[in-house]
Structures are given as C-alpha cells and as structure tokens.
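Data first, discussion second: the structure below is written as structure tokens.
Any value given below was found using the heavy atoms of this structure, including those in side chains, with hydrogens, waters and symmetry copies removed.
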Amino acid sequence: MAAFIHLSTFTKYIFPFGNFIFPMLLWFLNKEKHPFVDNNGKQALNFQISLLLYGFILGIIIIPVVLMAGWEFAELTNFWQYNGHNLDLNLSSIPSLGINIAILGIIVVLGVVLALVDILCTILATLRSNEGIEYKYPLSISFLK
C-alpha cells in the first residue's frame with residue numbers, strides 16, 4: 001500500500017491535483033492500520049506540497065522576468081526607426097535583454113530539474129517502500145508530521 005501511495009502521485013499527469021487527491025485518499029484509508037503506510041503517506045504528501053511550493057516560487061519569479069524581457073524585446077523592435085533615408089539603430093538596452101533571457105533560461109532549467117527530481121524520487125520511493133525500507137525525499141519540507 002505504501003508503494004501505491006507514492007506511485008499514485010503520478011496521477012497528476014491524468015487528473016488535476018491527482019498528486020494530492022489519490023495519495024491522500026489512500027493514506028487516510030490505511031494510515032491507522034499500518035504505521036509504515038502512515039509514514040510513507042506523509043512523506044509522499046510532504047514532497048508533493050514542497051514541489052508545489054517550489055513551482056509556485058519559480059512562477060512568481062518568472063512573471064516579472066518575462067514581462068521585462070517582453071518589454072525590452074518590444075523596444076528592440078522599435079530601435080530601427082526610419083528617419084528620412086537613414087536607419088537609426090539604438091543598442092542601449094540589448095545587454096539587459098540578454099540578462100533577462102539568461103535568467104529565463106535558468107528558471108526553465110530549474111523547472112526541468114524539479115520535474116526530473118519529482119519523477120526520479122517518486123520512482124525511488126515507490127521501489128524502497130515496496131521493499132519495506134523507509135524513504136526520505138530530498139528537498140521535502142515536513143508539513144505533515
């Protein structure tokens with residue numbers, strides 16, 4: 001049952017918030033019967049809540065960066081202004097556009113790493129709990145004790 005709790009977090013790819021609903025349901029129905037299942041249910045839910053929090057933080061950070069990069073890109077497209085027969089090129093804000101694009105890249109990479117950590121740790125937790133071994137997720141905040 002503990003392995004199914006961890007495995008049920010993958011239902012988020014089928015149902016919205018399935019990574020919370022299904023593990024919580026399995027945990028609530030079986031936590032009184034087995035302390036091992038109780039601990040694994042808490043571990044799985046704590047990890048999913050932690051991932052949601054980390055994703056939310058990345059989302060909060062990415063919003064102003066995307067807005068700034070979009071604004072600067074719009075300015076960049078207006079740099080070429082037609083003045084009679086001359087084209088005037090103003091390169092003053094191109095470096096800050098590059099910085100924002102670099103920050104966007106870092107945030108995207110962090111998001112991909114977070115998704116990979118989710119998948120790999122969930123598989124590892126499922127295998128360990130199936131063997132009867134306690135598994136502690138990395139980067140997990142203990143919301144449920």
Identify the heavy atoms of [X] and [Y] that sit nearest to each other, and give their distance.
| X | Y | answer |
| --- | --- | --- |
| Ser129 | Thr126 | OG-O, 3.1 Å |
| Ala44 | Thr9 | CB-CG2, 4.4 Å |
| Ile107 | Ile61 | CD1-CG2, 3.5 Å |
| Val37 | Ala2 | CG2-N, 4.1 Å |
| Pro16 | Ile21 | O-CD1, 4.0 Å |
| Ser142 | Asn46 | CA-ND2, 3.8 Å |

Could you tell me the separation between the [atom1] atom of [X] and the [atom2] atom of [Y], rounded to the nearest 0.5 Å?
| X | Y | atom1 | atom2 | value |
| --- | --- | --- | --- | --- |
| Leu127 | Ile133 | CG | CD1 | 10.0 Å |
| Ile5 | Asn39 | CD1 | CG | 10.0 Å |
| Ile14 | Asn19 | CD1 | CG | 11.5 Å |
| Met1 | Lys33 | CE | NZ | 7.5 Å |
| Phe28 | Leu45 | CZ | CG | 8.0 Å |
| Asn40 | Arg128 | CG | CZ | 12.5 Å |

Original post:
Strictly by modelled atom types, are Asp118 and Thr122 linked by a side-chain donor-acceptor pair under 3.5 Å?
Top reply: yes
Are [Y] and [X] co-members of a hydrophobic cluster defined by side-chain heavy atoms under 4.5 Å apart?
| X | Y | value |
| --- | --- | --- |
| Leu144 | Leu29 | no |
| Leu110 | Ile99 | yes |
| Val112 | Val66 | no |
| Phe17 | Leu51 | yes |
| Leu116 | Leu124 | no |

Heavy-atom distance under 4.5 Å between the side chains of [X] and [Y], does that happen here?
| X | Y | value |
| --- | --- | --- |
| Ile141 | Ile49 | no |
| Asn30 | Phe4 | no |
| Pro23 | Gln43 | no |

So which pairs with a foot in residues 114-145 pass ring pair (Phe, Tyr, Trp, His ring centres under 6.0 Å), sequence neighbours left out?
->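 Non-adjacent pairs meeting ring pair (Phe, Tyr, Trp, His ring centres under 6.0 Å): His6-Tyr137, Phe47-Tyr137, Tyr135-Tyr137.
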- Task: Might you confirm whether atom OH of Tyr13 has over 12 heavy atoms from other residues, nucleotides or ligands at distances under 6.0 Å?
- Result: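 For Tyr13, atom OH is crowded (more than 12 foreign heavy atoms under 6.0 Å).
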Phe15 meets the ring pair (Phe, Tyr, Trp, His ring centres under 6.0 Å) criterion, sequence neighbours left out, with Phe22
Excluding Phe36, membership of its hydrophobic cluster (Ile, Leu, Val, Met, Phe, Trp, Tyr; side-chain heavy atoms within less than 4.5 Å) reads none
